[in-house]
Amino acid sequence: MLLAGGLGLCIGSFLNVVIHRLPKMLERQWQTECAELTGQTPETLPPYNLLRPRSACPACRTPLGVHHNIPLISFLVLRGKCAFCGHRISSRYPVVEALTGALSVLVAWQFGWSWQTAAALLFVWVLIALTFIDLDTFLLPDSLTLPLLWAGLLFNVSGGFATLADAVIGAAAGYLSLWTVYWVFKWATGKEGMGFGDFKLLAAIGAWLGWQLLPVTILLSSCVGAVIGLTMIAMRGGDRNTAIPFGPYLAVAGVIALFEGSTLNRMLFSGL
């Protein structure tokens with residue numbers, strides 16, 4: 001489990017890069033595509049991806065050395081400030097690293113040394129990235145949700161967390177359930193209640209865990225979303241038009257379902 005925790009901390013550091021850079025990379029891609037569609041010459045920009053340029057302080061732009069990027073330790077040693085200009089570092093970075101490390105330990109404890117552990121780690125890591133990207137940008141990028149969906153189906157070919165049939169039904173039911181809610185809500189109110197990325201994320205969760213865990217996943221995400229949504233409305237003076245990303249609640253519910261979904265299913269639906 002110590003190995004899983006250390007690996008999780010390192011992956012958490014990388015996820016911080018993904019969370020920060022992937023939306024910007026997509027924005028660049030969209031701008032280039034729009035320019036090409038309108039017959040304009042796309043602006044030539046320096047390389048920007050998950051590897052280039054090197055990580056730098058957002059305030060003074062000084063590139064960071066390897067010793068500045070040690071998960072958690074660097075943040076604590078530097079007391080949450082840039083080593084060069086003293087600019088305060090966002091607490092988001094250690095939070096993502098600590099969360100990834102802690103969940104990685106839980107996965108290792110739950111599944112032991114097995115292929116399930118490797119698969120569950122991938123599942124959890126991608127959900128963490130999607131959670132924070134959605135919180136920041138209201139986006140659930142296809143470049144993460146769709147590979148997650150296909151990876152779940154492939155892993156369940158041999159019955160990893162569910163049978164292949166249950167995984168395929170889970171993917172279809174996950175997508176169609178929120179798709180139906182979307183269109184019913186839009187027909188009733190004339191407004192869009194959620195994005196298509198939410199459909200794909202629930203489809204991915206269904207592909208990994210099977211259709212049987214979709215009800216508890218939807219119930220958990222809806223309850224958490226309702227509580228937080230009502231709290232935000234109360235804090236903002238009753239403004240019901242405040243947009244709230246639903247992806248993080250789906251991701252949290254998906255992680256809970258991974259660990260305790262079968263138990264919760266028995267508790268909640270055994271009498272039905």
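Heavy-atom basis, side chains included; hydrogens, waters and symmetry copies ignored. The structure presented is a predicted model; accordingly, all values stated were derived computationally and were not measured.
- For Leu106, the side chain to side chain contact (heavy atoms under 4.5 Å, CB included) test picks out Leu103, Phe259, with sequence neighbours left out.
- Aromatic ring centres of Phe111 and Phe161: separated by under 6.0 Å.
- For residues 153-165, no pair satisfies salt bridge (charged side-chain N to carboxylate O under 4.0 Å, His left out), with sequence neighbours left out.
- Contact between Ile133 and Pro23 at its shortest, heavy atoms only, is CG2-CG, 4.0 Å.
- Hydrophobic clustering, defined by side-chain heavy atoms of Ile, Leu, Val, Met, Phe, Trp and Tyr closer than 4.5 Å, groups Leu72 together with Leu9.
- Val168 and Trp179 fall into different hydrophobic clusters, where Ile, Leu, Val, Met, Phe, Trp and Tyr residues are linked whenever their side-chain heavy atoms come under 4.5 Å apart, directly or through other members.
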Enumerate, atom names and distances included, each donor-acceptor pair closer than 3.5 Å involving a side-chain atom of residues 181-190, sequence neighbours excluded.
{"from": "Tyr182", "atom 1": "OH", "to": "Glu192", "atom 2": "OE2", "distance (Å)": "3.2"}
{"from": "Thr189", "atom 1": "OG1", "to": "Phe185", "atom 2": "O", "distance (Å)": "2.7"}
{"from": "Thr189", "atom 1": "OG1", "to": "Lys191", "atom 2": "N", "distance (Å)": "3.2"}

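- Taking each heavy atom of Phe123 and Gly254 in turn, the nearest pair found is CE2-O, 3.9 Å.
- The structure places CG of Leu202 at 10.0 Å from CG of Leu149, a figure rounded to the nearest 0.5 Å.
- Under the 3.5 Å distance criterion, the side-chain polar atoms of Asn156 are left unmatched by any main-chain donor or acceptor of Gly159.
- By the side chain to side chain contact (heavy atoms under 4.5 Å, CB included) test, Ala108 is found to be paired with Met1, Ala4, residues two or more places apart in sequence or in another chain being considered.
- In the hydrophobic cluster analysis, where Ile, Leu, Val, Met, Phe, Trp and Tyr join through side-chain heavy atoms closer than 4.5 angstrom, Val96 is grouped together with Leu121.
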Item to complete: Determine, stepwise, if the pair Thr217 / Ile256 fulfils side chain to side chain contact (heavy atoms under 4.5 Å, CB included).
Response: CA-CA 8 Å; Thr217 301; Ile256 295 173; over 6 Å; no
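- Other members of the cluster containing Leu3 are Trp113, with ILVMFWY side chains joined at under 4.5 Å, either directly or via other members.
- Rounding to the nearest 0.5 angstrom, the gap separating the CG atom in Leu140 from the CG atom in Asp134 is 4.0 Å.
- The nearest pair of heavy atoms linking Leu214 to Gly174 is CD1-N, 3.5 Å.
- For the pair Ile128 and Ile11, the minimum side-chain heavy-atom distance is 4.5 Å or more.
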Let me have the donor-acceptor pairs involving side chains of residues 205-213, under 3.5 Å, with sequence neighbours excluded, atom names and distances please.
{"from": "Trp208", "atom 1": "NE1", "to": "Leu148", "atom 2": "O", "distance (Å)": "2.7"}
{"from": "Trp211", "atom 1": "NE1", "to": "Asp166", "atom 2": "OD1", "distance (Å)": "3.0"}
{"from": "Gln212", "atom 1": "NE2", "to": "Asp166", "atom 2": "OD2", "distance (Å)": "2.9"}

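- Here the side chains of Phe196 and Tyr175 are in contact, with some heavy-atom distance below 4.5 Å.
- In this structure, the side chains of Leu201 and Leu178 stay at 4.5 Å or more apart for every pair of heavy atoms.
- The CG atom of Asp198 lies 9.5 Å from the OG atom of Ser221; values are rounded to the nearest 0.5 Å.
- Remark: Glu33 pairs with Gln29 by the side-chain hydrogen bond (donor to acceptor under 3.5 Å, both in side chains) rule, at least two apart or across chains.
- Legend: side chain to side chain donor-acceptor pair (under 3.5 Å) pairs involving residues 88-101, not counting sequence neighbours, sorted by first then second residue: Arg92-Asp136.
- Under the 4.5 Å side-chain heavy-atom criterion for grouping Ile, Leu, Val, Met, Phe, Trp and Tyr, Leu51 is not connected to Met25 through any hydrophobic cluster.
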Practice prompt. Dump the intermediate steps for side chain to side chain contact (heavy atoms under 4.5 Å, CB included) on Leu130 and Leu250, then the final yes or no.
Written response: CA-CA 10 Å; Leu130 286 168; Leu250 287 173; over 6 Å; no
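- Taken from OG in Ser177 to CD1 in Ile218, the straight-line distance is 4.0 Å, to the nearest 0.5 Å.
- Connection of Phe138 to Leu127 is not established within any shared hydrophobic cluster, with ILVMFWY side chains joined at heavy-atom distances below 4.5 Å, either directly or through further cluster members.
- A donor-acceptor pair under 3.5 Å is absent between the side-chain atoms of Ser222 and the main chain of Leu219, judged by distance alone.
- The line from CG of Leu139 to OG1 of Thr145 is 10.5 Å long, rounded to the nearest 0.5 Å.
- Separation of atoms OG1 (Thr137) and NZ (Lys24) is listed at 10.0 Å; rounding is to 0.5 Å.
- Residues satisfying the side-chain hydrogen bond (donor to acceptor under 3.5 Å, both in side chains) test with Ser104, not counting sequence neighbours, are Trp125.
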Discussion item. For Phe14 and Leu50: C-alpha separation, side-chain torsions, deciding distance, then whether side chain to side chain contact (heavy atoms under 4.5 Å, CB included) applies.
Written reply: CA-CA 9 Å; Phe14 174 70; Leu50 298 181; 4.1 Å; yes
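- Applying the salt bridge (Lys or Arg N to Asp or Glu O under 4.0 Å) criterion to Arg28, with sequence neighbours excluded, gives no partner residue.
- A donor-acceptor pair under 3.5 Å links the side-chain atoms of Thr117 to the main chain of Gly112, judged by distance alone.
- Under the rule for a side chain to side chain contact (heavy atoms under 4.5 Å, CB included), the partners of Pro53 that lie at least two apart in sequence or sit in another chain are Arg21, Tyr48.
- When side chains are defined from C-beta on, Val252 does not count as touching Leu220, because their heavy atoms never get closer than 4.5 Å.
- Between Ala251 and Thr131, the closest heavy-atom pair is CB-OG1, 3.1 Å.
- Under the 4.5 Å side-chain heavy-atom criterion for ILVMFWY residues, no single connected hydrophobic cluster contains both Leu15 and Ile89.
- Here the closest non-hydrogen pair linking Leu22 and Ser143 is CD2-OG, 3.8 Å.
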